[in-house]
Structures are given as structure tokens and as C-alpha cells.
Amino acid sequence: MIKIAVCGAAGRMGQRIIVAAVEAGCTISGALERPGHPQVGQDAGLIAGVGSLGVAISDDLNKVVEGCDVLIDFTTPKVSLKNLEICGLKKKAIVIGSTGFTPEERALAAELAKDIPAVLAPNMSVGVNVCFKVLKDVAKTLGDDFDVEIVELHHNKKKDSPSGTAVRMGEVVAEALGRDYNQVANYHREGICGERTKEEIGMQTVRGGDIIGEHTVYFIGQGERIEISHRAMTRDMFSRGSVRAAKWIVGKAPGLYDMQDVLGLK
Ligand SMILES: NC(=O)c1ccc[n+]([C@@H]2O[C@H](COP(=O)([O-])OP(=O)(O)OC[C@H]3O[C@@H](n4cnc5c(N)ncnc54)[C@H](O)[C@@H]3O)[C@@H](O)[C@H]2O)c1
Ligand SMILES: O=C(O)C1=N[C@H](C(=O)O)CCC1
């Protein structure tokens, strides 16, 4: 059974990943938190609510990576890039779920993943990844006659905006329509900002309370509208997806993969 280490182990996702890994019969070989985190030194299983695992949460990245087959990392882009670099040096696989990467940081991630197998995906749920596939077909079929707007809702602790999932949805639709997402994404409308352009993809963000994550892509035509929505009711399909990705990536050829690869949706 594979040995999994979890980075961000005391976080919302880290705790659920420990639960999912234990439920899947994997060994938790290590758990990482940032230096100074109040739960460093405590048992990772007790923090996650699965009982003692005999694995103390550590802040020693090198040591934890050495002891695992694969590191699952749900933290921030900067931490994830550092983790990729260390996994590269130690020839370990990595699964990254962090979001909020700039295009430059994504390019750096691809570069760092040249020597090791790595999964980087903004959303590990099967449902969202099926949505990515469906969105491509819908956008291609509808073409330029429908305006595209994307709305996402998340909890009030989320740090990045728009969500990584919303950005990927925008990229999928833009590519299907022959547009460059970075040129056509419109994140802000205020005041007399003029009529909507045909090409733009509106990106709207709602933050509040404990919303786990909801995404809707609107295709708005004359006299009709299609809405493709995904609503997450728990974090468990993200955590189970990350463990599925971890089992899949160990032993694969070096390179950067995504969840579509893991799920065979390409
Ligand atoms: N890909 C997906 O399916 C998916 C699903 C949910 C969340 N996310 C993303 O995962 C990330 C984390 O989300 P969250 O809700 O768990 O956040 P969180 O803030 O609850 O957890 C992040 C954890 O990382 C820890 N951390 C920060 N710096 C660290 C370091 N240097 N070393 C080790 N640990 C460090 C923090 O202390 C914290 O406990 C976000 O980017 C979020 O958007 C992705
Ligand atoms: O809670 C979060 O943060 C989430 N982030 C991901 C994103 O940015 O797309 C996925 C859903 C939950």
C-alpha cells in the first residue's frame, strides 16, 4: 500500500485527506504544517478525527518527503512550488490541489515537474471534471451566438479569487471558442462600463459563510439560456479524488498531469 504524506495537514482539506487516505487503506507516513503552526507536534490522526496514527505533525519538509511515496499538498501556490522542487530533488511523486496560481507560476510548475510525476488540478471531484468535458462540447456547439458568464460561490475563508475551478471552466470555454482566456476574462464591471463585448467571459465571485463550493457557467442567448452548475455538499469528493490521484500517479512517467488524466476523461 502506498505511503502518503499530507502537506497542510491541519487545514480544512488536509484533515479530510487524512481521513480519505485512511479509509482507502493507505499508510499516512507523514504530515506537514507551516513552522510555528500551533498543531505541530500533535498526532495527525487525532487532529483529523480518525484516532491516533502515531504520526506527529512536522514542519520538516525534507524529512517528511523522504519517508513517503507521494506528497499530497493543499496549501498555497508558493508552498506547492517549494514542495514540487523538494519532491523533484528526492524523486517523489506529488499531487497538488492548491489554487490561485498565476500563469507564470503554472509554467514554473510544469518546468519543475519535468523529472517527477505530478498531478496539479484545481478541482479533484469527478463531477467537476465531467463538467469540464461537457462545457467544451456545449461551447463548441453553441459557438459565438451565446454570451458566457461564470459565477462561483465559496466560504468566507477562501483566499484566492476567482476559484481555480472557475478559471479552468473559463479556459475550457475560451479554448473551445478559439479565444485566449487571459484576453477575454472580465473580472470587474462598475459604473458606466459600456455594453458587454461578444468575446468577453464574465467572471463573478461570491464569498460568504460556510459554502463549500458552487460553480455555474451561463450560456445566454436570445430568448433562451443554458446553465451548467456543480454544487459541492462536502469536501469529501475533493479529498477522495486527491487520494485516487495519489494512487494513480505513483510509478507514472515524469511530467505534469491533471485530474482529467487521472479519470481517463481526455
Ligand atoms: N483541488 C481541489 O479539489 C481543491 C478543493 C478544496 C480546496 N482547494 C484548494 O486547496 C488549498 C487549501 O484549502 P483549505 O481550505 O484546506 O485551506 P486551509 O487554509 O484550511 O489549509 C491550508 C493549510 O496549509 C498550511 N500551510 C501553509 N503554509 C504551509 C507550509 N509552508 N507548509 C505546510 N503547511 C502549510 C496552513 O497552515 C493550513 O493549515 C486552497 O488553495 C484551496 O483553494 C482545492
Ligand atoms: O474551498 C476552496 O478553496 C475550494 N477551492 C477550489 C477552487 O478554487 O476551485 C475547489 C473548490 C473548493
Side-chain angles (χ1 to χ4, degrees), residues 5-20 30-40 42 44 47-48 57-65 71-87 94-102 105 119-129 131-132 150-172 203 205-217 230-246 257-260 262-263:
V6 178
C7 187
R12 281 177 290 274
M13 279 305 301
Q15 293 184 41
R16 298 313 301 164
I17 291 164
I18 289 171
V19 174
L32 268 167
E33 259 299 339
R34 64 175 166 77
H37 191 283
Q39 283 160 333
V40 168
Q42 297 183 30
I47 298 299
I57 296 180
S58 166
D59 59 7
D60 187 337
L61 174 59
N62 281 284
K63 207 168 152 192
V64 167
V65 170
L71 179 69
I72 304 184
D73 164 41
F74 280 61
T75 54
T76 66
K78 286 202 177 9
V79 175
S80 298
L81 288 172
K82 179 72 190 165
N83 288 343
L84 246 177
E85 195 183 336
I86 300 294
C87 284
I94 183 167
V95 172
I96 298 172
S98 309
T99 56
F101 287 84
T102 63
E105 286 172 330
V119 175
L120 172 61
N123 200 303
M124 307 278 178
S125 95
V126 172
V128 159
N129 282 280
C131 284
F132 291 151
I150 300 179
V151 181
E152 57 100 334
L153 298 79
H154 283 86
H155 53 93
N156 58 18
K157 300 279 182 277
K158 186 162 176 62
K159 297 189 180 75
D160 55 309
S161 176
S163 71
T165 307
V167 171
R168 179 61 52 82
M169 286 173 162
E171 289 170 346
V172 167
M203 302 292 293
T205 294
V206 178
R207 293 284 175 269
D210 61 354
I211 300 171
I212 306 274
E214 302 189 5
H215 295 85
T216 299
V217 182
H230 179 273
R231 289 191 184 89
M233 263 71 86
T234 78
R235 290 188 168 82
D236 290 352
M237 67 289 161
F238 306 138
S239 52
R240 281 192 220 110
S242 72
V243 172
R244 183 168 174 174
Y257 300 86
D258 63 21
M259 210 53 198
Q260 306 276 299
V262 176
L263 298 172

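Remember, it's 1-based here, ligands and their atoms both numbered in the order they're listed. None of these values were measured; they are calculated from a predicted model. The figures that follow rest on heavy atoms only: side chains count, while hydrogens, waters and symmetry mates do not.
With values rounded to the nearest 0.5 angstrom, Cys7 atom SG is found 13.0 Å from Met13 atom CE. Leu153 contributes atom CG, which lies 8.0 Å from atom CZ of Arg207 (distance to the nearest 0.5 angstrom).
For Arg12, a nitrogen or oxygen atom sits less than 3.5 Å from a nitrogen or oxygen atom of ligand 1, counting backbone and side chain alike. The shortest N or O to N or O distance between Met13 and ligand 1 is below 3.5 Å.
At a heavy-atom distance under 4.0 Å, only backbone atoms of Ala121 (N, CA, C or O) approach ligand 1. Looking at His37 against ligand 1, only its side chain comes within 4.0 Å, counting heavy atoms. The part of Asp160 lying near ligand 1 is the side chain, judged by heavy-atom distances below 4.0 Å. Counting heavy atoms under 4.0 Å from ligand 2, residue His155 touches it through the side chain alone. With a 4.0 Å heavy-atom cut-off, ligand 2 is reached by no atom of Glu152. Within the 4.0 Å heavy-atom criterion, both parts of Thr99, backbone and side chain, lie near ligand 1. Heavy atoms of Lys158 found under 4.0 angstrom from ligand 1 belong exclusively to the side chain.
In terms of heavy-atom proximity, Lys82 sits nearest to Leu61 at CG-CD2, 4.1 Å. Heavy atoms only, all atoms of each residue included: His230 and Cys131 are closest at CB-SG, 4.2 Å. What you find for Glu33 and Gly8 is that their closest heavy atoms are OE2-C, 3.4 Å. In terms of heavy atoms, Val172 sits closest to Phe132 at CG1-O, 3.4 Å. Nearest heavy-atom pair, Ser80 versus Ile96, reported as atom, atom and distance to 0.1 Å: OG-CG2, 3.6 Å.
For atom 38 (C) of ligand 1, the nearest protein heavy atom (residue, atom name, distance) is Glu33 OE2, 3.5 Å. Nearest protein heavy-atom neighbour of atom 22 (C) of ligand 1: Phe74 O, 3.7 Å. Nearest non-hydrogen protein atom to atom 29 (C) of ligand 1 is Arg34 CB, 3.4 Å. For atom 21 (O) of ligand 1, the closest heavy atom belonging to the protein is Gly11 CA, 3.4 Å. Distance from atom 3 (O) of ligand 1 to its nearest protein heavy atom, with residue and atom name: Met124 N, 2.9 Å.
Set against the non-hydrogen atoms of Pro122, the atoms of ligand 2 under 4.0 Å away are 6 (C), 7 (C), 9 (O), 10 (C). If you number the atoms of ligand 1 from 1 as listed, the ones under 4.0 Å from a heavy atom of Phe238 come out as 3 (O), 5 (C), 6 (C). Taking a cut-off of under 4.0 Å to the non-hydrogen atoms of Ser163, the atoms of ligand 2 that pass are 7 (C), 8 (O), 9 (O). Proximity to Gly164 (heavy-atom distance under 4.0 Å) selects the following atoms of ligand 2: 7 (C), 8 (O), 9 (O). Within ligand 2, counting atoms from 1 as listed, the ones closer than 4.0 Å to a heavy atom of Asn123 are 10 (C). In the vicinity of Lys158, heavy-atom distances shorter than 4.0 Å reach the ligand 2 atoms 2 (C), 3 (O), 4 (C), 5 (N), 6 (C), 7 (C), 8 (O). Interface atoms of ligand 1 facing Lys159, defined by a heavy-atom separation under 4.0 Å, are 19 (O).
Nearest-heavy-atom check against atom 8 (N) of ligand 1 across Gly14, Pro77, Gly8, Gly97 picks out Gly97. Between Leu120, Thr75, Ile47, Thr76, it is Thr75 that holds the heavy atom closest to atom 40 (C) of ligand 1. The closest non-hydrogen atom to atom 9 (O) of ligand 2, taken over Thr165, Asp160, Ile211, Val128, comes from Thr165. One option in Val6, Val40, Val79 has a heavy atom closer to atom 31 (N) of ligand 1 than any other, and that option is Val79.
Between the side chains of Ser163 and His154, no donor-acceptor pair is found at a separation under 3.5 Å. A donor-acceptor contact closer than 3.5 angstrom is absent between the side chains of Ser58 and Asp60.
Heavy-atom distances between Ile212 and ligand 2 reach below 4.0 Å in at least one pair. At least one heavy atom of Pro122 sits under 4.0 Å from some atom of ligand 1.
Within a 6.0 Å radius of CG in Asn156, other residues, nucleotides and ligands contribute more than 12 heavy atoms.
A donor-acceptor contact shorter than 3.5 Å links the side chain of Gln260 to the backbone of Asn129. Side chain of Ser98 to main chain of Thr75: a donor-acceptor pair is present (N/O by atom type, distance under 3.5 Å, no hydrogens or angles). Panel note: side chain Glu214, backbone Glu152; no donor-acceptor pair is recorded below 3.5 Å.
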